[in-house]
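So that the names make sense, note that chain A is the first sequence line, chain B the second, and so on, each numbered from 1.
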There are 2 protein chains.
Amino acid sequence: MAHLPYSTSQTGLVYDVRMRFHVEVRPEVNQGVHPEDPRRIYAIYKELVDAGLVDDPNTVSLAPSVLARIPTRFVTKEEVCAVHSERHYDWVISLENWDNDLLHDAGQQMDSIYLSKNSPMCARLSAGGAIEACRGILNGHVKNAVAVIRPPGHHAEHDEPMGFCLFNNVPIAIKACQKEFGDKCRKVLILDWDVHHGNGVQQAFYNDPNVLYISLHVHQGGKFYPSGPAGDHLHCGEGAGLGKNINIPWRTAGMTDADYLLAFQRIVMPIAQDFDPDLVVVSAGFDAAEGDMLGKCHVSPAGYGHMTRMLMSLADGKIAVCLEGGYNLRSIAISALAVTRTLMGEPPGKIVTTVATPSAVDTVEEVLRQQAYYWPCLYPRNPSHRLKKLGSERMHDIVRDYQAAWLWENLEMSNLFIAHSKASRSFKNQVLATPNHYEARPLLVIFHDPPELTGETDPRTRELQLHNTWLTDSVKQYTQWAVDKGFAVIDINIPKHVTEPDDSHEYAAEADPQQRTDETESLAKYLWDNYIELSDSNHVFFMGVGQAYSSLIGFLKKNDRCREKLRKIIGFISDSCPLPSYKSATDDYLDRWYKDTSKIYVAADHYLWEKHKMKPPSRKWGSLQKSDYNDMQEMLAYHHKEVTGVLNAEISGWQPSDVPVVVASEVEM
Amino acid sequence: MAHLPYSTSQTGLVYDVRMRFHVEVRPEVNQGVHPEDPRRIYAIYKELVDAGLVDDPNTVSLAPSVLARIPTRFVTKEEVCAVHSERHYDWVISLENWDNDLLHDAGQQMDSIYLSKNSPMCARLSAGGAIEACRGILNGHVKNAVAVIRPPGHHAEHDEPMGFCLFNNVPIAIKACQKEFGDKCRKVLILDWDVHHGNGVQQAFYNDPNVLYISLHVHQGGKFYPSGPAGDHLHCGEGAGLGKNINIPWRTAGMTDADYLLAFQRIVMPIAQDFDPDLVVVSAGFDAAEGDMLGKCHVSPAGYGHMTRMLMSLADGKIAVCLEGGYNLRSIAISALAVTRTLMGEPPGKIVTTVATPSAVDTVEEVLRQQAYYWPCLYPRNPSHRLKKLGSERMHDIVRDYQAAWLWENLEMSNLFIAHSKASRSFKNQVLATPNHYEARPLLVIFHDPPELTGETDPRTRELQLHNTWLTDSVKQYTQWAVDKGFAVIDINIPKHVTEPDDSHEYAAEADPQQRTDETESLAKYLWDNYIELSDSNHVFFMGVGQAYSSLIGFLKKNDRCREKLRKIIGFISDSCPLPSYKSATDDYLDRWYKDTSKIYVAADHYLWEKHKMKPPSRKWGSLQKSDYNDMQEMLAYHHKEVTGVLNAEISGWQPSDVPVVVASEVEM
């Protein structure tokens with residue numbers, strides 16, 4: 001009825017049994033069925049039939065409670081070549097004349113592709129089906145549509161097939177509709193919730209301001225298929241298309257409904273509402289679904305329903321859902337059913353997981369920071385330009401100044417001379433020592449990460465309230481205890497970022513951890529050669545806090561003879577730090593020595609404990625103790641008594657006869 | 001059809017012409033029609049009829065494209081008394097026997113209430129209608145419903161009528177349904193988008209864990225109806241209901257679709273999905289709609305549609321929309337139509353405003369911080385406990401130490417003695433002066449807010465990267481310029497928060513601005529009496545930066561004779577600072593003197609410019625100059641040359657013969 005044109009219209013369905021004919025010519029005996037299994041589309045179709053949503057294909061029904069069949073057709077060469085090269089089109093079409101051996105061998109040489117004589121037919125129907133789904137919506141024949149098509153498309157690149165994909169169906173459909181419908185279909189949003197990044201789609205529209213591509217995918221730092229950096233959050237489009245490419249790259253598998261909804265609520269919907277598309281196309285892989293063995297994520301049918309429902313609030317409800325990947329037949333069937341029912345007007349099911357995983361929160365924040373450059377609806381903005389203009393100063397330096405002043409006033413510690421030719425400039429003012437560091441007394445050398453700064457920023461300006469911003473430095477109490485006990489102490493702060501003169505007002509990117517490790521090792525060597533070795537102390541203790549601990553062990557590995565002076569090594573490893581090993585192929589004694597000499601506190605949630613659930617870790621990891629805490633500052637505070645007990649025991653033979661009384665009072669925890 | 005039970009069901013409509021009979025017995029002649037106009041419900045009903053959504057009430061239609069009429073009925077005494085006192089019920093019922101004079105006078109004595117003989121009937125139908133709307137949904141007769149009822153309910157308290165409301169319809173309906181349907185209707189979400197806070201609803205369920213009340217309303221710091229603190233973000237429920245009351249209090253009127261959608265995406269939907277209600281009831285005032293003269297906000301019909309649609313994804317789509325306020329007949333009609341069409345399955349319209357206003361972003365953040373105590377799906381958490389345990393230090397003190405060290409090393413400035421009995425302890429270490437402050441040379445006295453700290457926090461832990469956190473202090477260049485010029489300088493930092501020993505590890509609440517102003521005035525007086533007046537300088541300059549400027553003027557008002565030594569007053573007022581006036585009822589000369597002596601830079605977006613669009617501000621505001629900037633640090637940097645030019649001109653007669661050359665080089669901007 002005209003009063004409610006949308007809710008009284010039907011949802012369209014594209015399905016054609018002929019798309020099942022693209023099969024492996026010679027299945028690998030030992031590998032079982034290929035995941036891109038021809039039964040995928042039938043499993044979905046049958047689920048829709050069983051749910052009573054599909055009428056007999058020969059009768060025409062107008063009731064909005066059944067799906068309207070949209071016939072598919074072959075895509076034309078012209079339509080394909082709006083996205084792919086002519087060479088690629090001709091090559092795909094030519095496959096129908098190849099013999100099976102050739103087809104098999106050619107597929108083997110490509111990136112995740114199999115080929116058969118029927119592949120061209122299926123690929124042409126798949127792309128044609130995507131076009132017809134979108135055309136049906138734009139012509140007003142259906143209110144929205146689901147296209148159950150294969151082979152999938154989103155990995156197919158301009159000039160080559162890839163990742164089970166021959167033609168890139170969704171971009172082909174969009175280009176065709178933009179051409180046919182003009183202003184009625186000028187701006188298109190592609191939402192790609194396939195668990196893999198749609199490299200081909202990104203490529204097709206990378207400089208196009210009218211097609212907004214948003215992909216949620218497992219990235220694993222570029223290790224997940226289709227590996228490499230293309231799917232990271234920094235790929236935002238180029239030229240006129242800058243800001244129109246949005247990757248939401250999960251750092252791990254295992255993502256849940258809550259993670260996807262968080263990304264939708266924080267990123268996808270605000271940006272999509274701002275973009276205001278004329279049509280929404282979903283690249284709907286169901287391989288993030290619970291049960292998919294490639295995706296290893298946990299999105300439920302209800303989760304897919306909620307995402308669909310949110311997208312339906314855009315573009316006057318004009319949304320086409322096109323199948324991409326998804327390899328568990330049962331998972332894809334129930335997920336596609338949930339999406340279809342939502343398209344038809346049913347409410348989505350209830351979400352069970354509502355608390356996002358920590359790594360998803362981080363990813364969402366990372367993407368927001370990047371996209372805030374391009375989208376005025378997002379906060380916060382990057383302030384580098386402003387910082388430079390106003391001559392702002394890095395807090396890192398101010399805090400280290402403050403620490404140096406405190407250590408000087410309370411413990412008489414001062415800067416140790418470091419020859420700049422021998423150690424990185426970034427360690428300037430970072431090495432402080434008591435004046436007695438060369439004397440015959442216990443010497444504690446502490447390599448630590450910077451202290452912790454916490455606070456609440458204004459969501460728009462990133463401004464902090466000075467009185468609500470906090471510095472937490474739990475290392476200080478170790479330094480103070482040691483000085484009170486008569487130790488000489490060298491305190492080394494390892495900055496997280498090396499400040500160069502030319503980036504002095506730039507927000508710093510993630511520091512290169514290898515560079516930091518190498519420079520810390522060099523500094524340790526310099527300090528050893530110039531101070532520790534020359535000191536009269538034969539009770540040397542190393543303490544490594546956070547990532548700095550790994551560098552300390554790296555230094556020891558390369559400087560064997562240091563072992564003679566070393567009495568004990570104390571380590572603190574928080575949940576995000578790697579744990580170094582210490583072992584030699586030629587010296588059996590080495591790992592035993594390390595086990596005896598070290599005492600390493602490891603965060604409760606460190607992956608090590610998961611890995612060694614069945615069998616205790618070997619000696620090469622040192623003498624490990626599981627902490628009840630994960631946070632470095634809490635670990636340092638909690639284990640203070642234990643560590644000072646260990647150090648006390650080691651110096652019990654030493655007489656501090658000539659040590660003056662230190663007045664600074666002991667810090668109580 | 002059973003396959004799609006929801007989308008093939010009807011939306012219910014409650015409307016009964018008899019609810020129009022509650023009228024003013026004696027309309028105030030000069031005030032026009034009362035905003036709670038009986039035609040309100042008819043305007044909405046007629047809009048639905050005109051849109052073709054209402055069949056003849058005498059025929060029964062099952063087509064999902066028309067509304068299903070749900071008959072209303074009188075609420076029972078028992079149903080009312082689940083929410084109100086028996087006394088209140090009896091009082092409302094008794095009104096049918098009062099005479100018109102008594103009804104008029106009684107209404108006059110209450111808080112925004114009028115009464116008539118028909119008021120009891122209308123109130124009973126209104127509450128009964130809300131109940132039947134919810135029952136119709138829970139019984140499965142309709143999929144969702146809209147109740148076009150009056151009088152409204154959400155201000156009515158346990159024992160008294162208030163704000164046009166007699167019985168509190170929505171809580172009455174919920175209590176009745178919880179009783180009748182048990183586990184099928186155990187948890188209920190009330191979403192109140194009326195522009196006023198629903199104090200009565202909050203009161204009814206304040207300690208109830210099963211009813212989550214979320215209200216978006218204009219609050220204006222407690223100045224907007226129903227005034228007071230009850231609607232602020234700190235009212236979160238109590239006892240078992242703690243965390244189940246969520247106020248989203250807009251700081252100003254003028255809110256837009258983008259602001260409401262932001263609140264939905266960031267707060268409402270994540271929490272609602274976590275709460276997982278069995279039924280959603282909307283307290284649907286349409287007084288935040290564009291065109292409403294009480295609400296003065298700009299929510300569009302599409303905006304209401306989007307909010308409705310998001311809520312429909314909860315509770316399997318079981319949602320009842322009950323009318324509350326809304327006073328522009330046209331606005332409420334088109335808004336209610338948009339909501340109804342959305343309930344029936346149409347897509348919501350397009351949102352035009354997609355960028356939230358700055359104050360809405362701040363409100364959303366403030367609410368998130370508060371609610372993160374109760375909702376694990378929200379970040380960040382409050383760290384006070386942890387800060388205390390780890391002995392963290394406030395950055396305010398560290399930064400002031402750093403500034404003091406810089407001013408000492410570069411400009412030889414040091415702490416000025418302040419007798420603690422005469423000035424607040426919070427000014428300890430905040431007043432620094434050059435050693436020549438008593439000499440016969442120009443003296444610049446700068447009262448300023450603390451410098452700016454900016455950075456990015458980790459969204460979960462609030463941790464900052466020290467190397468990506470920045471301190472911006474544009475006051476420093478003024479101090480340095482003045483010292484280089486041979487001025488004596490007194491630099492006074494006014495902390496935003498007074499640190500007391502017992503809250504040293506607590507996140508500080510908003511400082512009391514009056515207290516801060518008073519203490520700053522006292523300090524100014526102390527400095528004047530003990531230093532400035534005794535100095536040999538007769539070229540005294542005051543500079544006030546930010547909120548500190550107001551205190552400076554406050555001090556001058558009370559200390560007239562200071563004018564003699566003062567040559568110039570420089571002010572910097574950012575967009576969030578109030579602008580002080582300086583005028584005397586008895587001394588006409590005063591404002592002229594102020595206008596001649598002052599030079600005040602006011603932020604581009606300061607409300608002053610809006611206010612004085614037609615007519616320039618009077619002399620009492622001083623000599624104002626509109627800045628191109630809003631941000632204090634940018635204003636200070638940009639106007640540096642101008643200000644130093646003004647000061648230079650003022651000291652042109654003075655010979656710095658005995659001033660030693662200062663080596664610190666001039667800061668270039």
**Q** Pick from M344(A), Q633(A), E452(A): which one has the most heavy-atom pairs with chain B under 4.5 Å?
**A**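 Option with the top pair count is E452(A).
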**Q** Select, from D362(A), V399(A), V364(A), the one with the greatest count of heavy-atom pairs under 4.5 Å involving chain B.
**A** D362(A)
**Q** Using a 4.5 angstrom heavy-atom cutoff, name the option from A51(A), G317(A), P358(A) with the most pairs to chain B.
**A**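 Most heavy-atom pairs under 4.5 Å with chain B: P358(A).
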**Q** Side chain, backbone, both or neither: which part of S313(A) has a non-hydrogen atom closer than 4.5 Å to chain B?
**A** both
**Q** For chain A, which of V352(B), T342(B), L262(B), I398(B) has the most heavy-atom pairs under 4.5 Å?
**A** I398(B)
**Q** Using a 4.5 Å cut-off on heavy atoms from C-beta on, say whether the side chain of Q273(A) contacts that of H306(B).
**A**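 Side-chain contact under 4.5 Å: yes.
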**Q** Need one label for A315(B): side chain, backbone, both or neither, based on atoms under 4.5 Å from any heavy atom in chain A.
**A** backbone
**Q** When you compare the side chains of D473(B) and Q403(B), does any donor N or O come within less than 3.5 Å of an acceptor on the partner?
**A**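 D473(B) vs Q403(B): donor-acceptor pair found between side chains.
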**Q** Determine whether K143(B) and Q10(B) make a side-chain contact, defined as any pair of heavy atoms from C-beta on separated by less than 4.5 Å.
**A**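 With C-beta onward as the side chain, the pair stays apart.
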**Q** Report which part of D631(B) has an atom under 4.5 Å of a heavy atom belonging to chain A: side chain, backbone, both, or neither.
**A**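 Only the side chain of D631(B) comes within 4.5 Å of chain A.
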**Q** Do the side chains of K187(B) and D278(B) get close enough for a salt bridge, i.e. N-O under 4.0 angstrom?
**A** no
**Q** Contact part of D274(B) toward chain A, heavy-atom cut-off under 4.5 Å: side chain, backbone, both or neither?
**A** both
**Q** Where on D316(A) is there a heavy atom nearer than 4.5 Å to chain B: the side chain, the backbone, both, or neither?
**A**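 Both the backbone and the side chain of D316(A) come within 4.5 Å of chain B.
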**Q** Which of the residues G305(B), P450(B), P270(B), A258(B) is involved in the greatest number of heavy-atom pairs with chain A at under 4.5 angstrom?
**A**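 Looking at each of G305(B), P450(B), P270(B), A258(B) in turn, P270(B) comes out on top.
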**Q** Output the option from A356(A), P451(A), S474(A), A302(A) having the highest count of non-hydrogen pairs under 4.5 Å with chain B.
**A** P451(A)
**Q** Count the heavy-atom pairs under 4.5 Å between each of L261(A), L466(A), I351(A) and chain B, then report the option with the highest count.
**A**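 Of the options given, most contacts go to L466(A).
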**Q** Is a side-chain N or O of R266(A) found less than 3.5 angstrom from the main chain of E365(A), in a donor-acceptor match?
**A**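 Flag not set: sc R266(A) to bb E365(A) has no pair under 3.5 Å.
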**Q** Given heavy-atom pairs under 4.5 angstrom as the criterion, report whether the side chain, backbone, both or neither of R309(B) touches chain A.
**A**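 Looking at R309(B), backbone and side chain both touch chain A.
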**Q** Tell me, side chain or backbone of L471(B) under 4.5 Å from chain A's heavy atoms, or both, or neither?
**A**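 Contact with chain A: backbone and side chain both.
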**Q** For the residue pair S392(B) and T472(A), confirm or rule out a side-chain donor-acceptor distance under 3.5 Å.
**A**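 Checked: S392(B)/T472(A) side chains pair up, N/O donor to acceptor below 3.5 Å.
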**Q** Under the 3.5 angstrom rule, does the side chain of D259(A) hit a backbone N or O of T357(A) as a donor-acceptor pair?
**A** yes
**Q** Taking C-beta and beyond as the side chain, do Y402(B) and M395(A) meet within less than 4.5 Å on heavy atoms?
**A**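 They are not in contact (no side-chain heavy atoms under 4.5 Å apart), so the answer is no.
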**Q** Can you check whether P5(A) reaches E346(B) side chain to side chain, under 4.5 Å on heavy atoms?
**A**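 Yes; the side chains approach each other to less than 4.5 Å.
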